[in-house]
Amino acid sequence: MRNAVIVLGLMTIALIELTGAARALEPVRISREDTALDLTATTEIYRGRGEAFQVSTAPGADGIVRRIEVRASDAKHSGDWAVFALANVSDEQLDRLIVAPHFRLAGSGVLWPDLGAERILSITPSEGFALDRVPNDEDDVFRITLNPGTVVTFVAELATPDLPQIYLWEPDAYKDTVNAFTLYRGVVMGIAGLLAVFLTILFVVKGTSMLPATAALAWAVLAYVSVDFGFLSKLISVTPGDEQMWRAGTEVFLATGLVVFLFAYLNLNRWHINLAFVTAAWIIGLGALFAVAIYDPAIAAGIARLSLTATTIAGVALILFLGFNRYDRAIMLVPTWALVVCWMFGAWLTVTGQLSNDIIQPALGGALVLIVLLMGFTVVQHSFAGGAFHHGLFSDMERQALALTGAGDIVWDWDVLRDRLVTIPDISPTFGYSPNSLSGPVRNWLPHIHPDDRDRFRTSLDALLEHRRGRLNLEFRVRAEDGHHHWMQLRIRPVLGSSGEVIRCVGTIVDVTEQKAAETRLLHDAVHDNLTGLPNRQLFVDRLEMAIAAAEANPIMRPTVFMIDLDDFRRVNEKHGMSVGDTILLAVTRRLKRLLKPHDSLARIAGDQFGLILVSEQEPARVAALAEAISTAISAPIDFANQEIHLTASIGLVTWVERGAVPEELMKDADLAMAQAKRFGGNRIEPFRPAFRTVGSNRQRLEQDLRRAIERGDLTLVYQPIVRMEDAEIAGFEALLRWDDPKRGVVSPSEFIPIAESSDLILRLGMYALRGAANDLSNWLAAVGDIPIFMSVNLSSAQLLKADLCNDVIHAISDSRCAPERFKLELTETLVMHNPQQALVTLSRLNEAGIGLSLDDFGTGHSSLSYLTRFPFSTIKIDKSLVSEPTERRGVLLRSIVKLAKDLDMTVVAEGVANEDDAELLAEMGCDYAQSFLYGPPIGPDSVMRLLRERYSHSSGGTGTDG
């Protein structure tokens, strides 16, 4: 009978094989001591078998293999089944749990990973009813009961084709394991949450770029472990299908946070702009994955895992490169990044299935939190240790990169062994050449270098290679395609190889053409006249000293010094204007140059005074002939605006005759001879005679007397009223110096002012006038009250060029305790023209201090309009020659000047108003103030006091306050 049963069983098995049904399984033996069994290896998966599935059971206790059929019970079923068998070998009934996790990192894969899902819809045993499901958010759990000695085959209806893992748990052991993991997960999530909050608070307190990047990474880790540990399902309702989207999103978030942290911590944008572009593109691409995670989570998660791997590899390369270059941040990141590499290696072993135990997945989550914790410590140390962040302590390499980027220099790299020179970026287009024309051998540069610099260029490079040390700082000229030469500055140093020979020369090359041009321009302007381009007095003295030295070495050579002064040139300026005067000076300069030879030197000593060093002629007769030719050339009429202008000149000359002569003494003798020609009526040529020195002594005595008068305070100030046109009330005064010498009587300002200007007395005289005017104004305000008047004081050219003029003026005004707004400093266009750049700086500082600036003698200069726009003048004074000019065009001209001033928000003062008709006309035009003898002559300070008391007694009551 038993043999018949066996034959029947074999026939049944053969029949099942012929019909395509599944084979029977080997049952897993279970005893009472077994608390957890992994059924994954013994479970067979059948894919695509449809809604009805037939399977052979495991041989029962009687050895018979039976055949069962199971039908799908859920709409989610797609025809996939799993079959396993269990055998209770104990002598008692066993209760067990079948557990299939929704997600398992182990074996999930890198590309298109398995992100978890509901695995088992239902389980049907070969005996009894379908198993009961135990509610669980993370696993599919079914409760089973096995009788003693029974063998039961279980058919699981799958929701997905894959079943990563299936366990058989003893209920109490499963519960203890779940509780243990719950405690561990709670601790890890608590640390991650506190770390994220702590770094966020630090970012608010100390807003450096590293802190928000680290905080973002900490929040990404918190989000990842929240999903991985199933905490998210405790907060919101998450279906197994939605869990894939959340898991993919957190992995993308984690990959993005790691990229941002690496970029921000290492300050990659400081090293090269391309790194910033690459990182930005990387982050944008990861940001797009968030949208992909909604539609296809597996693709998004796979790309995110690849990004994590690429970021780790890139981080290793960057840290090694920057660490070897002593970049402190990279060195500090080494321990943390070593953990990142270890974590990535463990994660790779896990997702590829080489590590598959149950501990690895939560361990990786905890390690991730530990990594972020170490990152946080590193960032905090950088943020607070010694203030390194805020004091800008960079590594040597970063300083060099920042310097090159900020300066815009071009790198000059010469590979000496291969004789290949490259510039980064290519410098060839700068000169108009085709790209890389100057790359290759160094000899390619030689044809383009200026011939005067070519040998020096070649020799300097050879010397650097020979000495094998030091630095080369070389300036040379390179010819561009258009023929112009560019000044280049080359700074390089040699790089030695292992043999001690120079293998490279590396440095920078910079175009310094503008700098060279500026230096040349400054040197030229320092010793040349701005108008004529002739040498100035300083260069003239230097050339005269060289001529005297040459004469002492060569007895045949006898230089002659000429002083040429145009007679009554002031009349030309007053009649025709300073612009015409400047044009005439240029014409005279051209005439004089045509008479000279290359060795002779012509200079402009003063406004209409020229100096000449004659070395080309030695014979007295020929020197006298040249002097006559100079006089004749100057006397020739000059045609200008359909009229002839006639000039004459007074010429004094002296010839060097004795050794040890001083240039200043020769110039002084020639100047005395020229002054004697002036006394004889001008238009004369006077050779120097020793008797002229007695005449010059009068000038010296006058200078000495003026010096004593300033020291004793013998000079006085008088004040001419400036009145408002609208009501004829006094608005201010102009301070004028007067000198009443006990011996000479009243000395005219036109006599002592030029003497002061030719010496150092003009500076003392100017401050004497300013301090006296400030003190008088203070006394008036104290006696009369806070009346609306101002004080105008004239400035000289020597004062304007004085470096500490601003401080002197401000101190003088502050000592008088008057407001700076009550003062106006008057300057003529001639003063400003001497040195416009220095004048602009000085006048701007005075204007910033609140002191008003007035342009005197407006309308007689050659560039009045340009001065109005360039300099901070607030007032213009129309010259009396324009106001009193009896022509029909006067009204048109005055009206234009007044309108121009009003458009520029400036006040207008008219000088030399002759009568009431002129005053009414100017008032109608909008002129603000007037100053002339019509409104009062210059008067002393006591007279001004009485005048102010009479005018303002009705409002001040005789008491005053400080101005």
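- Using a distance-only test at 3.5 Å, with no hydrogens or angles considered, no donor-acceptor pair links the side chain of W81 to the main chain of V55.
- Annotation: cation-pi geometry not satisfied between R71 and F53 (NZ/CZ under 6.0 angstrom from ring centroid, within 45° of ring axis).
- Side chains of W282 and T256: a donor-acceptor N/O pair is absent below 3.5 angstrom, by distance only.
- Distance CZ/F263 to CG/L258: 14.0 Å, rounded to 0.5 Å.
- When all heavy atoms of R247 and T250 are compared, the pair lying nearest together is O-OG1, 2.8 Å.
- Environment of CD in Q354: crowded, with over 12 heavy atoms of neighbouring residues, nucleotides or ligands closer than 6.0 Å.
- Classification of D95 and R143 as a salt-bridged pair fails, no side-chain N sitting under 4.0 Å from a carboxylate O.
- The shortest side-chain heavy-atom distance between Y174 and V99 falls under the 4.5 Å cut-off.
- Distance check: L146 CG to E127 CD gives 9.5 Å after rounding to the nearest 0.5 Å.
- L121 CG to E157 CD: the interatomic distance, rounded to the nearest 0.5 Å, is 5.0 Å.
- Expressed to the nearest 0.5 Å, how far CH2 of W343 lies from CG of L368 amounts to 5.0 Å.
- Considering CH2 of W219 and CG of L254, their distance stands at 15.0 Å, rounded to 0.5 Å.
- Between the side chain of D296 and the main chain of A300, no donor-acceptor pair closer than 3.5 Å is present.
- Looking at S307, its side chain never comes within 3.5 Å of a backbone N or O of I303 through a donor-acceptor pair.
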Step by step, would you call R133 with E118 a salt bridge (charged side-chain N to carboxylate O under 4.0 Å, His left out)? CA-CA 13 Å; R133 178 186 290 271; E118 185 180 4; 3.5 Å; yes
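- Defined by atom type and a distance below 3.5 Å, a donor-acceptor pair is missing between the side-chain atoms of H102 and D139.
- Across H77 and G50, no two heavy atoms sit closer than the pair NE2-O, 3.5 Å.
- Nearest heavy-atom pair across P113 and A298 is CD-O, 3.2 Å.
- Here the shortest heavy-atom pairing between G48 and D80 reads N-OD1, 2.9 Å.
- With salt bridges taken as basic N to acidic carboxylate O contacts below 4.0 Å, none links D162 and R104.
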Start with the C-alpha distance between N147 and T150, add both sets of side-chain angles, then the distance that settles side chain to side chain donor-acceptor pair (under 3.5 Å), and finish with yes or no. CA-CA 6 Å; N147 294 320; T150 60; 5.5 Å; no
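- Residue V155 is tested with I123, T57, I68 for a side chain to side chain contact (heavy atoms under 4.5 Å, CB included); the sole match is I68.
- Proximity of a side-chain donor or acceptor of D34 to a complementary backbone N or O of S31 within less than 3.5 Å is detected.
- The CD atom of E170 lies 10.0 Å from the OG1 atom of T177; values are rounded to the nearest 0.5 Å.
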